[in-house]
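As a basis for the values below, the full set of heavy atoms in this structure was taken, side chains included, without hydrogen atoms, waters or symmetry mates.
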Amino acid sequence: MPTTPFWRRWLMPRASATPPELKASAAGPLLALQTAGRPVWTPRDYEALAREGVMKNPIAYRCTRMIAEAAASVPWLVYEGARELDDHPILGLLAEPNPLQSGAGLMERWYGYLQASGNAYLEAVSIDGAPRELYALRPDRMTIVPGPDGWPEAYEYGLAGRVARYERDETGGMPILHMALFHPVNDHYGLSPLETAATAIDVHNASAAWTKSLLDNAARPSGALVYKGPDGASQLSETQFARLKDELQENYQGARNAGRPLLLEGGLDWKAMSLSPADMDFIDTKHAAAREIALAFGVPPQLLGIPGDSTYSNYREANLAFWRQTVIPLVLKTAQALTQWLGPRYGGSVRLGIDLDQVDALSIEREALWQRVSAADFLSDNEKRAAVGYGAREDGER
């Protein structure tokens with residue numbers, strides 16, 4: 001049976017054998033001078049970004065879900081050299097990574113963390129050097145510990161005042177896979193789309209709050225009560241003002257009191273106010289902010305139902321661009337990272353790939369390719385099969 005995950009056993013640091021290094025980056029020691037083996041903390045508040053962005057903003061939430069679900073749905077392939085393998089332990093591991101999650105569930109969490117934080121971490125639980133389980137760890141709890149060469153020599157996962165430390169095992173492998181999105185000014189951590197779109201998210205959230213406030217006031221701005229008392233008096237007494245304020249709040253504010261007639265007495269006159277054209281611009285501002293959020297994530301606004309975007313002529317074209325420009329590069333990057341991380345544990349010749357033929361969104365490309373290849377009379381059947389990614393017929397050329 002697989003052992004309990006390292007981060008659950010709360011093991012403290014232990015000595016580990018480090019394989020001899022023959023070559024090293026000349027810039028590594030310069031990075032080490034800045035950290036001196038101390039943990040390098042993330043430079044932002046991940047939880048605040050996640051709450052304000054993913055949890056309170058429907059555009060950012062939908063973008064995160066779309067990317068994570070689409071990327072997690074891409075089937076894996078395993079190659080040994082140029083030969084595709086129908087069955088391999090790594091395929092079983094990725095299909096059933098742990099007793100609590102399916103393969104798609106694990107990868108959806110992985111891609112979701114990557115979009116929300118700019119960083120994603122996988123833990124491998126191994127027996128005799130063979131990975132048996134995989135777990136996705138929350139990025140805000142993980143800390144990188146740089147080594148003498150400036151690059152990570154360990155990872156620390158902190159929770160409830162306790163710390164689990166991950167170091168290289170006896171084979172020199174790291175039990176943690178860290179993948180980060182590009183960050184122009186950080187050597188260790190990635191840059192989250194949420195962080196780049198933070199201003200647009202604030203604008204979008206503020207627009208929603210403004211709309212909610214407007215609805216609470218019967219979908220129109222408050223008017224003005226003008227007091228004209230006897231003998232030209234222009235001010236209410238403190239008692240009159242408090243009574244009037246309480247009566248307005250209790251009987252005339254809120255959506256449930258919309259359209260209720262206002263009973264005026266004692267020299268009060270109601271002056272209604274309407275929205276100016278400038279006030280109505282908040283709707284366009286909200287849509288512009290939504291497009292900026294979608295742009296940061298790489299999701300075509302047309303897929304989110306945001307009006308005013310005509311970049312793509314139809315939904316199918318926008319969906320194809322989403323897969324080609326956002327999802328597939330992300331999955332290929334993950335496949336390469338998993339190959340580099342897990343490959344040596346399976347002999348070093350194993351390579352992970354992805355099965356794009358099983359992606360329905362790319363069917364329009366496959367149909368166009370098949371039509372072009374089918375019309376190529378100068379190609380034999382086996383040459384046509386090779387052009388579309390299939391092997392030659394066993395019965396020879398036709």
Side-chain angles (χ1 to χ4, degrees), residues 42-72 108 110-120 139-140 179-186 189-215 275-331 333-334 361:
T42 53
R44 58 193 178 277
D45 188 345
Y46 164 81
E47 187 171 350
L49 282 173
R51 289 186 181 278
E52 293 298 320
V54 180
M55 297 176 65
K56 290 186 178 181
N57 188 274
I59 302 299
Y61 172 78
R62 184 56 183 155
C63 288
T64 303
R65 285 286 305 275
M66 285 182 65
I67 295 173
E69 291 177 351
E108 182 178 339
W110 161 272
Y111 291 118
Y113 283 148
L114 192 63
Q115 297 304 308
S117 169
N119 302 274
D140 58 320
M179 195 169 86
L181 300 180
F182 171 71
H183 197 308
V185 296
N186 195 299
Y189 295 100
L191 180 63
S192 165
L194 282 180
E195 189 171 2
T196 62
T199 301
I201 289 174
D202 287 342
V203 171
H204 196 272
N205 288 347
S207 299
W210 194 90
T211 304
K212 174 64 166 57
S213 178
L214 191 64
L215 291 174
L275 289 172
S276 68
D279 293 329
M280 295 298 294
D281 285 344
F282 83 96
I283 299 178
D284 294 334
T285 302
K286 183 178 181 181
H287 292 329
R291 284 191 288 272
E292 288 185 13
I293 298 170
L295 177 64
F297 280 91
V299 177
Q302 189 171 346
L303 300 183
L304 301 172
I306 301 173
D309 185 84
S310 58
T311 304
Y312 303 98
S313 59
N314 54 60
Y315 184 93
R316 192 177 186 184
E317 182 182 334
N319 192 44
L320 179 60
F322 168 64
W323 276 86
R324 276 298 179 190
Q325 298 178 13
T326 300
V327 177
I328 293 178
L330 185 61
V331 179
K333 182 179 179 181
T334 300

Please find the pair of heavy atoms, one from [X] and one from [Y], that lie closest to each other, and give the distance.
{"X": "M55", "Y": "R51", "value": "CB-O, 3.4 Å"}
{"X": "P184", "Y": "L191", "value": "CD-CD2, 4.2 Å"}
{"X": "A361", "Y": "L320", "value": "O-CD1, 3.9 Å"}
{"X": "I328", "Y": "R324", "value": "CD1-NH1, 3.7 Å"}
{"X": "P307", "Y": "H287", "value": "CG-NE2, 3.4 Å"}
{"X": "Y189", "Y": "H183", "value": "O-CB, 3.2 Å"}

Indicate yes or no for a side-chain donor-acceptor contact from [X] to the backbone of [Y] under 3.5 Å, with no hydrogens or angles considered.
{"X": "S117", "Y": "L114", "value": "no"}
{"X": "T64", "Y": "G112", "value": "no"}
{"X": "N119", "Y": "A180", "value": "no"}
{"X": "T196", "Y": "A296", "value": "no"}

Nearest 0.5 Å, what's the [atom1]-[atom2] distance between [X] and [Y]?
{"X": "E52", "Y": "I201", "atom1": "CD", "atom2": "CD1", "answer": "9.0 Å"}
{"X": "L303", "Y": "T326", "atom1": "CG", "atom2": "OG1", "answer": "9.5 Å"}
{"X": "N186", "Y": "L181", "atom1": "CG", "atom2": "CG", "answer": "12.5 Å"}
{"X": "I59", "Y": "I293", "atom1": "CD1", "atom2": "CD1", "answer": "6.5 Å"}
{"X": "R291", "Y": "K286", "atom1": "CZ", "atom2": "NZ", "answer": "13.0 Å"}
{"X": "R62", "Y": "I67", "atom1": "CZ", "atom2": "CD1", "answer": "10.5 Å"}

Show your working on side chain to side chain contact (heavy atoms under 4.5 Å, CB included) between E317 and Q302 and close with a plain yes or no.
CA-CA 10 Å; E317 182 182 334; Q302 189 171 346; over 6 Å; no

Taking the side chain as every heavy atom from C-beta outward, state whether [X] and [Y] have any atom pair closer than 4.5 Å.
{"X": "Y61", "Y": "K56", "answer": "no"}
{"X": "L194", "Y": "Y46", "answer": "no"}
{"X": "E292", "Y": "H204", "answer": "no"}
{"X": "E195", "Y": "L49", "answer": "yes"}
{"X": "F322", "Y": "F297", "answer": "no"}

